[in-house]
2 protein chains.
Amino acid sequence: MTSAETPTPRKRPVQARSAITVDAILTAAAHILEGEGMEGYTTNAIAARAGVSIGSLYQYFPNKEAITAALVLADAERLYEGLQAASDASAGAPFLSRLEALLDVVIAHQMDRPALARMIDMEERRLAHDPALQAVHEAGFALVRQELQQSGLSLPFGLEACTVDVFAIVLGICDTAGERGETDGDSLKARIRHAVLSYLGGRPS
Amino acid sequence: MTSAETPTPRKRPVQARSAITVDAILTAAAHILEGEGMEGYTTNAIAARAGVSIGSLYQYFPNKEAITAALVLADAERLYEGLQAASDASAGAPFLSRLEALLDVVIAHQMDRPALARMIDMEERRLAHDPALQAVHEAGFALVRQELQQSGLSLPFGLEACTVDVFAIVLGICDTAGERGETDGDSLKARIRHAVLSYLGGRPS
DNA sequence: GATAAATATGAGCTATTGCTCGTATTTTGA
DNA sequence: TCAAAATACGAGCAATAGCTCATATTTATC
């Protein structure tokens, strides 16, 4: 994984084994969050599950919050990179195709590990003021903004408002689906596509 | 406030003064949540702010979670009652008017105390499995479901899916607006109305 | 092989905080 | 008026969990 997953590390891991340790910690944290929620999410439990001593954990993370922040940031980055890749891959294609490509990424991201996605989503709200996280969010915004600009559609509101709302609609429907335990990705995609397209004024379905 | 705000009370308040105590506790809890977030949200702080001893607090709430649950439930009930009232008041009116009446309630609820709304929203996700809360949610669903049924619109998806999505769209845009600190209720309403109407296939703005 | 730097360890400290319980005060009802 | 019930009080217990630090081990460097 990239170095961005370890923000504010107390010590920069330089040897290979320490990188493995950091990775094990983040993986363990994710598994606990996914399987037990916030109740079991303690630094001691994370260290134990990672097969690492609590001392080692605090050698690379200044506090518990930093672990969560790293987890959330890595997740946001993965999503953004997926969107970027989809955007690049569908360059030149008509807007509808490009939108579908982006939705596929978002939905795959949601459907992959729904329980984890839900927990990370909740933590993401709590850590919304983290500058590194905000930067990734802004990058995602920029991507969608550009997509809308190039779509040639006559937008119902200002570019910024439409960008914000498209995000809100997509994430809103996705999160709700996650909370309700929906598993049908195709249905989800069809509904989100319809919601976004009709909002933008493009011919839906 | 109604008795529904005190679920699972350790002791049912029967005298007037104890009702005041319970009310003071809930009010204090809301104020702390609104002003300091989860960091300052401790039972001792709540009791202190309420001008009540910690012992009194635990005479009416079995644990801290019950206070939060009562807060969230009261909020959800207030919203639902507002929707119900708006629905009743606009009986017989065309769908667009009725939708606007409902949106006014939602937006007023969001704009009234945005910081508190945001915190309650977060806790609401965490407590999503609370039966009493689920019941209120279901009541809200039923209201919107009926509204859609009576609209005469030919829905783009099944009634249930449309109900869920309308909720998700409205709350998604609202929450995002709250997080971004938006203060223009009119703009918000226009966008949400557009999003919902276009999703449903009714002629937007 | 020797020295230093990096990494790993985990017992236990510290601080917080949810919560209890014995007691005091107020209200009710007869 | 007085006993019983309801309410209020708050010092302090108990448990948890974040985190430190002195020490041990491994790796890199020369």
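Below, chains carry the letters A, B, ... as their sequence lines are ordered, and counting in each starts from 1.
In this structure, the side chain of His31(B) engages the main chain of Thr27(B) through a donor-acceptor pair within 3.5 Å.
Taking atom OH on Tyr58(B) and atom C1' on dT17(C), their separation rounds to 8 Å, with Å as the unit. Across the protein-nucleic acid pair, Ile32(B) atom CD1 and dT17(C) atom P stand 12 Å apart, rounded to whole Å. Atoms OH (Tyr60(B)) and P (dC19(C)) sit 18 Å apart, rounded to a whole Å. The CD atom of Gln15(A) sits 11 Å away from the C1' atom of dA8(C) (whole-angstrom rounding).
Protein chain B touches strand DNA chain D; the 5'-most and 3'-most nucleotides with an atom under 4.0 angstrom of its non-hydrogen atoms are dA6(D) to dA11(D).
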With side chain to side chain contact (heavy atoms under 4.5 Å, CB included) as the test, would you mind laying out the steps for Glu179(A) and Arg125(B) before giving the verdict? CA-CA 9 Å; Glu179(A) 268 166 44; Arg125(B) 286 182 210 282; 3.1 Å; yes

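Scanning residues 43-57 of chain B for heavy-atom distances under 4.0 Å to DNA chain D yields Val52(B), Ser53(B), Ile54(B), Gly55(B), Ser56(B).
Both Arg17(B) and Tyr41(B) sit near DNA chain C, but only Tyr41(B) has its closest nucleotide nearer the 5' end. Comparing Val14(B) and Asn63(A) against DNA chain D, the residue whose closest nucleotide sits nearer the 5' end is Val14(B).
None of Asp175(A), Ile192(A), Val144(A) except one satisfies the side chain to side chain contact (heavy atoms under 4.5 Å, CB included) rule with Val170(A); the exception is Ile192(A).
Residue Gln134(B) places its CD atom among more than 12 non-hydrogen atoms of other residues, nucleotides or ligands, all under 6.0 Å distant.
Side-chain contact, Ser187(B) with Arg191(B): a donor N or O sits under 3.5 Å from an acceptor N or O. For Ser18(B) and Thr21(B), the side-chain atoms include no donor-acceptor pair closer than 3.5 Å.
Using a 30° and 60° split on the angle between ring planes, Phe157(B) and His194(A) fall in the perpendicular class, above 60°.
Nearest approach of Leu188(A) to Ala177(A), heavy atoms of both residues: CD1-CB, 3.6 Å.
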